[in-house]
Amino acid sequence: MSSQGRGEVQLVGLTKHFGETRAVDDINLTIPDGAYCCMIGPSGCGKTTILRMIAGHEHPTGGHVMIGGQAVEGMTPVQRGTSMMFQSYALFPHLSVADNVSFSLKVKGVDKAERRKKSMEVLETVQMTHLADRVPAQLSGGQQQRVALARSLITNPKVLLLDEPLSALDEFLRLQMREELRRLQKEIGITFIHVTHTQPEALALADVIVVMDQGRIDQAGTAREIFNTPVSAYVAEFMGGWNVFDGFSIRRDRTRMARGHGAASNTNAVPGTVHGIEYQGSWVKVTMVRKDNGEHVVANESEEEFFSQPVDFGDPVTASWNAEDSHALSH
């Protein structure tokens with residue numbers, strides 16, 4: 001486990017310019033030691049640039065990166081106690097799994113027997129010892145990722161930085177590795193900072209979610225805080241699960257979709273027509289186009305609810321919700 005505070009990451013007024021473009025704009029954030037933090041946002045929002053500044057691969061235009069209470073400007077990644085796992089696993093094709101994992105130790109001059117010992121220890125952590133003598137071409141995508149993860153961990157970092165590590169995997173492997181990453185982070189106890197653009201991935205993994213937009217943090221909090229109490233229309237819409245109206249929002253699973261255009265029983269009801277139907281197994285996503293302004297409203301209905309009274313594209317429906325379920329947005 002990490003010693004007290006050694007993997008805490010503080011970003012203080014962190015800014016990065018690329019010419020006239022302000023990629024990261026005065027970020028202030030504390031990621032607790034031993035936390036699993038997911039940074040999420042659309043392409044170009046600054047999340048990978050922040051990751052690279054924490055790693056030491058980019059230099060800030062302004063502000064500071066602090067790890068374990070120490071400013072790390074000018075330090076190498078090894079001196080900072082960070083290790084970064086990239087989207088591309090970049091394994092050496094001619095080296096065995098064990099030699100790929102221990103390559104950084106070879107560069108440092110560690111003898112062969114010690115390298116092998118350390119490599120096998122970290123491969124055991126990711127359940128890959130039985131494949132230690134294979135080469136990357138003999139491994140599946142998920143196995144190659146475990147090797148890349150083991151290679152990142154062999155330096156015993158305080159902070160592991162992951163740049164969209166699951167994006168190259170198919171859906172089945174992605175779910176499997178998502179579970180494995182969370183298990184591993186809990187087991188070794190170091191800080192993980194994981195960049196993703198996938199909302200379910202962030203919600204499933206993170207102790208802390210940081211939602212980015214145009215170089216700034218729009219909201220940071222626990223997964224439940226981000227999902228249940230979004231501060232802005234942007235967060236509510238980007239993280240999904242909400243219908244956003246003028247000044248307030250309604251969760252999709254608390255939105256009802258009555259069949260037809262009957263008289264509304266309250267003012268929290270709007271008529272429209274069915275625009276989309278997506279079967280999700282245990283539930284069905286029904287999207288309606290409002291009759292008054294053309295906006296979309298979504299209801300997540302249980303499988304039983306939908307198929308007891310199914311609708312088709314173009315059918316008249318009325319969306320409604322309880323007033324107490326509305327959530328005010330600050331901006």
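Numbers here simply count residues along the sequence, with the first being 1.
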Test side chain to side chain contact (heavy atoms under 4.5 Å, CB included) applied to P32 - qualifying residues, sequence neighbours left out:
A35, V208

Test item: E225 side-chain N/O and T222 main-chain N/O as donor-acceptor pair under 3.5 Å:
yes

Test side-chain hydrogen bond (donor to acceptor under 3.5 Å, both in side chains) applied to H17 - qualifying residues, sequence neighbours left out
R22

Heavy-atom closest contact (V110 atom, R115 atom, distance)
O-NH1, 2.8 Å

Qualifying residues under side chain to side chain contact (heavy atoms under 4.5 Å, CB included), relative to N293, sequence neighbours excluded
R290, E295

State, without any angle test, whether S96 and D133 hold a side-chain donor-acceptor pair at a distance under 3.5 Å.
no

Do you know the tightest heavy-atom contact between I27 and M212?
CD1-CE, 4.1 Å

So, for S326 and A323, which heavy atoms are closest and what is the spacing to 0.1 Å?
OG-O, 2.7 Å

Rounded to the nearest 0.5 Å, the CG atom of D170 sits from the CD atom of Q176 at a distance of 9.5 Å

Ring geometry between H94 and F92 (parallel below 30°, tilted from 30 to 60°, perpendicular above 60°):
perpendicular

Here the pair of heavy atoms bringing V210 nearest to A220 is CG2-CB, 4.2 Å

Can you name the side-chain hydrogen bond (donor to acceptor under 3.5 Å, both in side chains) partners of R80, sequence neighbours left out?
none

Ring-plane angle category for W321 and F245, please: parallel below 30°, perpendicular beyond 60°, tilted otherwise.
parallel

Which pairs count as side-chain hydrogen bond (donor to acceptor under 3.5 Å, both in side chains) when at least one residue sits in residues 59-68, sequence neighbours excluded?
H64-E73

Output yes when E180 and R146 qualify as a salt bridge under the 4.0 Å nitrogen-oxygen rule, no when they do not.
yes

Could you see if L51 belongs to whatever hydrophobic cluster contains I209? Use Ile, Leu, Val, Met, Phe, Trp, Tyr and a side-chain cutoff under 4.5 Å.
no

hydrophobic_cluster_shared for L181 and L139, side chain cutoff 4.5 Å
yes

Using every non-hydrogen atom in the two residues, find where S249 and L329 come nearest and quote the distance to one decimal.
OG-CD2, 3.8 Å

Rounded to the nearest 0.5 Å, what separation is found between the CG atom of D33 and the CZ atom of R6?
8.0 Å

Heavy-atom count around E179 CD within 6.0 Å, excluding the residue itself: above 12?
no

Residues, nucleotides or ligands: over 12 heavy atoms within 6.0 Å of E20 CD
no

For residues R174 and S167, report the shortest heavy-atom separation together with the two atoms involved.
NH1-O, 4.4 Å

Measure the CZ-CG distance between F103 and L95 for me, rounded to the nearest 0.5 Å.
7.0 Å

Using a cut-off of 6.0 Å, state whether more than 12 heavy atoms not belonging to R224 lie near its atom CZ.
no

Quick one about T196 and E201 (side-chain donor to acceptor, distance below 3.5 Å, no hydrogens or angles considered), yes or no?
yes

Around atom CG of D111, are there more than 12 heavy atoms from other residues, nucleotides or ligands closer than 6.0 Å?
yes

Might you confirm whether atom CD of Q79 has over 12 heavy atoms from other residues, nucleotides or ligands at distances under 6.0 Å?
yes

If the condition is side-chain hydrogen bond (donor to acceptor under 3.5 Å, both in side chains), which residues does R254 pass it with, not counting sequence neighbours?
none

Drop me the distance from E303's CD to S282's OG, to the nearest 0.5 angstrom.
7.5 Å

Side chains of T15 and D26: is there a donor and an acceptor less than 3.5 Å apart?
no

